[in-house]
Undergrad: 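Have a look at the structure that comes next, please.
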Number of protein chains: 2
Amino acid sequence: MRRPTFSVDVVLLTPLDRHLAVLLVRSPEGSAERWSLPWSLGKATDATLEDTASRVARSVVTAQVAWMDQVGAFADSRRHPSDAELSIAFVGAVPVGTLTRDSDDSAWFPVVELPALSPRQRAIIEASTDAARLKIDSTPVAFRLLPQRFTLSDLQRVYEIMLGRRLHKASFRRALQAATLVEPTDEWRSEGRGRPAQLYRYAPKRRRRVRRGLRFDGISLN
Amino acid sequence: MRRPTFSVDVVLLTPLDRHLAVLLVRSPEGSAERWSLPWSLGKATDATLEDTASRVARSVVTAQVAWMDQVGAFADSRRHPSDAELSIAFVGAVPVGTLTRDSDDSAWFPVVELPALSPRQRAIIEASTDAARLKIDSTPVAFRLLPQRFTLSDLQRVYEIMLGRRLHKASFRRALQAATLVEPTDEWRSEGRGRPAQLYRYAPKRRRRVRRGLRFDGISLN
DNA sequence: TCAATAGTGTCTGTTAGACATTATGGA
DNA sequence: TCCATAATGTCTAACAGACACTATTGA
């Protein structure tokens, strides 16, 4: 039997409770690992790699994928469930509360508590969460992970989970205001104790391109 | 004849004159395009994709490659010189003044004046220059594109060429000082007219992690 | 002397983050 | 009433960018 050339592996992320979670599917019986990333080999009906990745994503969740990006090609000599020598990885995110299609054979796992996985897929998840953080940081995709109406605390929580760090509340709101990305509605929501929060909706206005400079800060020396 | 599975394409960049340049090699006679990116199919002696990319890089320049990163997999239905259905792209940079190994069959082209290329390779170059800007911005690789001793104007020029935009002189030097990445030597260099410039060397001290916040600025709305 | 480049000092507007305070509900 | 959460105002340190100025060479 001819060996498959490459697989397309999909890392679907979602904020779950207070952590970032990744969707895994149950491996066929007899595999060394019980779980794996959803993947597929390319089909003739897929014109592009993106098409293949979208098909894989649709096969495991019903919800709309907020965005999807290619992460790269992984070809270390490590074992992979498809037996392919090469895996092209994609990362995407789905809205808060998205359920898996098949609750028996797929589940969300916090990225900090992953089960045994093939080493290559573990590397893929690592690179994918990094890519997701960059994406969240540079484009307004967080809004697509929430319902139409959301509180600013909801939004901040999504950012914090995706970025993996706490944010300053006042700064968060100021930055949001300056970017004119959201609009208050006249609805409020009471959530247990505490003052009810105003609901907002995503309503991006025009850009304020500021283009602020060079930062040697971010440099990670080697 | 069986169709090759995938190629590894390498985008080597260097600052040339006032522009960013990419190394292209002459295509075999009879190709539709005269030039192409250097590429190779994987060999049994290559343990990883990175090894293949390094081998390709070494085959076209003698100089040390300052760094190399994978850009991604490109598989649009576009034509590629290797006839491979898939190309894995890598981007790297070589020091200012690096010559091509074979001056007859390879040459530096400013990225703004590329010759006819296969559409896939054109897309690869586009994505690679973006990746290179990110890299330059976030890690101190610019220093590896200069000789041991360099002037701050040299360094700023490298940054400007790689980033594709002008930088503010005073801010550039302040940021550099704050990051404690360079150290003045007691040498000066006179370059035609004007006051001679002091020579510096790369001497990174420890980091000052400041971790300054969330910026909705950078968001590119869609 | 002039032209060109190197290198610095000062000022200002912006903003991240700290801190404090008020507002408003549920328990 | 107490407590938890929402929302906002003020202050400060950091910093990017503008501007101006001095320094030092070759032509």
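Naming convention: chains lettered A, B, ... in sequence-line order (proteins, then strands); numbering from 1 in each chain. Basis for what follows: all heavy atoms, side chains included, without hydrogens, waters or symmetry-related copies. Bear in mind the structure is a predicted one, so any value in this text is a computation, not a measurement.
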Undergrad: Salt bridge check: are A:Asp130 and A:Lys135 linked by an N-O gap of less than 4.0 Å?
TA: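 Here A:Asp130 does not pair with A:Lys135 in a salt bridge, since their nearest N and O are not under 4.0 Å apart.
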
Undergrad: From CZ of B:Arg173 over to C1' of D:dA16, roughly how many Å is that when rounded to an integer?
TA: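 Interatomic distance, CZ of B:Arg173 to C1' of D:dA16: 16 Å.
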
Undergrad: For nucleotides 18-27 of chain D, just jot down a letter per nucleotide in 5' to 3' order: B, S or -, based on protein non-hydrogen atoms under 4.0 Å.
TA: B----BBBBS

Undergrad: Does this structure show an ion pair linking A:Glu160 with A:Arg18, if we count only N-O contacts that are shorter than 4.0 Å?
TA: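 A salt bridge is absent here (no side-chain N lies under 4.0 Å from a carboxylate O).
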
Undergrad: Pick base, sugar-phosphate or nothing for A:Thr151, based on heavy-atom distances below 4.0 Å to the nucleic acid.
TA: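 Since no nucleic acid heavy atom lies under 4.0 Å of A:Thr151, the category is nothing.
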
Undergrad: Whole Å only: how far is the CG atom of B:Leu176 from the C1' atom of C:dA6?
TA: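 Computing the B:Leu176:CG to C:dA6:C1' distance gives 15 Å.
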
Undergrad: Indicate the ring-plane relationship of B:Phe109 and B:Trp35, choosing parallel, tilted or perpendicular according to the 30° and 60° boundaries.
TA: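 B:Phe109 and B:Trp35: perpendicular rings.
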
Undergrad: In whole Å, I'd like the distance from the OH atom of B:Tyr200 to the P atom of C:dA6.
TA: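 Atom OH in B:Tyr200 sits about 12 Å away from atom P in C:dA6.
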
Undergrad: Identify the residue among A:Leu145, A:Leu23, A:Leu12 that makes a side-chain contact (heavy atoms from CB on, under 4.5 Å) with A:Val94.
TA: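 Answer after filtering A:Leu145, A:Leu23, A:Leu12: A:Leu12.
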
Undergrad: May I ask you to say whether B:Arg189 pairs ionically with B:Asp154, meaning some side-chain N is under 4.0 Å from a carboxylate O?
TA: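 The answer is yes: the pair qualifies as a salt bridge.
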
Undergrad: How many Å lie between CD on A:Gln177 and P on C:dT14, as a whole number?
TA: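 Spelled out: CD on A:Gln177 to P on C:dT14 is 15 Å.
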
Undergrad: Pick from A:Val22, A:Val10, A:Val25: which one makes a side-chain contact (heavy atoms from CB on, under 4.5 Å) with A:Leu37?
TA: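 Of the listed residues A:Val22, A:Val10, A:Val25, the side-chain contact (heavy atoms from CB on, under 4.5 Å) partner of A:Leu37 is A:Val22.
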
Undergrad: Rounded to whole Å, how long is the line connecting atom CH2 of A:Trp188 with atom P of C:dG26?
TA: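 One finds 15 Å between P of C:dG26 and CH2 of A:Trp188, rounded.
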
Undergrad: From CD of A:Gln198 over to C1' of C:dG25, roughly how many Å is that when rounded to an integer?
TA: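 Taking CD of A:Gln198 and C1' of C:dG25, I get 15 Å after rounding.
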
Undergrad: Please give, in whole Å, the distance from C:dA6 P to B:Arg157 CZ?
TA: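 Result: 7 Å.
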
Undergrad: Classify B:Glu191 by what it touches in the nucleic acid, base, sugar-phosphate, or nothing, heavy-atom distance under 4.0 Å.
TA: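 B:Glu191: no heavy atom of the nucleic acid under 4.0 Å.
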
Undergrad: Could you give the CZ-to-P distance, from B:Phe172 to C:dT8, as a whole number of Å?
TA: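 Spelled out: CZ on B:Phe172 to P on C:dT8 is 14 Å.
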
